[in-house]
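Given the structure is predicted, the values throughout are model-derived calculations rather than measurements.
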Amino acid sequence: MKLYSLEKIMFNISLLYQIPEAEIKGESRKGLIPQARHLFCYVAAKENEYTHEEVGKFIDRDHSTVTNSCKVVRTELSIYSDIYIKLYE
């Protein structure tokens, strides 16, 4: 179920990272911009059930970029959740 529009998700990611939406949609790989872009793709595709094609079109990317971004976030979540669990056992 699509809880939020792509515009709203982008707005919130932009606020969270303090990065302008245009930069998240842009080509830059500097600083936290790629991380913000990856998180946008993950939240849109996995948490709000947009297709990878819909998300990719919104940020002017191919669907395979969205697939890769989702994989990156899933990997990071699994790594950091394992560390968090071990730290607070």
message: If hydrophobic clusters are built from ILVMFWY residues whose side chains come within less than 4.5 Å, do I9 and L16 share one?
response: yes
task: Spell out, yes or no, whether V66 and L3 are grouped together once hydrophobic residues are joined by side-chain heavy atoms under 4.5 Å, including indirect joins.
output: yes
message: Quick check for you: to the nearest 0.5 Å, what is the distance between C41 atom SG and N68 atom CG?
response: 9.5 Å
field: Spatial distance of atom OG (S64) from atom CD (E53) [nearest 0.5 Å]
entry: 10.0 Å
query: Can you find a heavy atom in the side chain of K57 that is under 4.5 Å from one in the side chain of E54?
result: no
task: Can you measure from SG (C70) to CD (E47) and round to the nearest 0.5 angstrom?
output: 9.5 Å
- prompt: If you group Ile, Leu, Val, Met, Phe, Trp and Tyr by side-chain heavy-atom gaps below 4.5 Å, do I79 and V72 land in one group?
  reply: no
- request: Quick one: closest heavy-atom pair of V55 and A45, and the distance?
  value: CG2-N, 4.2 Å
- prompt: Between T65 and R61, is there a donor-acceptor pair closer than 3.5 Å when you use the side chain of the first and the backbone of the second?
  reply: no
message: Let me check something: do F11 and L32 share a hydrophobic cluster, defined by ILVMFWY side-chain heavy atoms less than 4.5 Å apart, either directly or through other members?
response: no
Ring pair (Phe, Tyr, Trp, His ring centres under 6.0 Å): pairs with one or both residues in residues 14-72, sequence neighbours excluded: F40-F58
message: According to salt bridge (Lys or Arg N to Asp or Glu O under 4.0 Å), does anything in residues 23-41 pair up with another residue at least two apart or in another chain? List the pairs.
response: none
field: Short side-chain to backbone donor-acceptor contact, D62 and G56, under 3.5 Å
entry: no
- request: Ignoring hydrogens and angles, tell me if any N or O in the side chain of S14 forms a donor-acceptor pair with the backbone of M10 under 3.5 Å.
  value: no
- prompt: Which pair of non-hydrogen atoms, one from I13 and one from I24, has the smallest distance, and what is that distance?
  reply: CG2-CD1, 4.0 Å
query: Are more than 12 heavy atoms from other residues, nucleotides or ligands located less than 6.0 Å from atom NZ of K2?
result: yes
message: Given 3.5 Å as the limit, does a donor-acceptor pair link the side chain of N12 with the main chain of K8, or not?
response: yes
message: How close do G31 and P34 get, counting heavy atoms only, and between which atoms?
response: O-CD, 3.6 Å
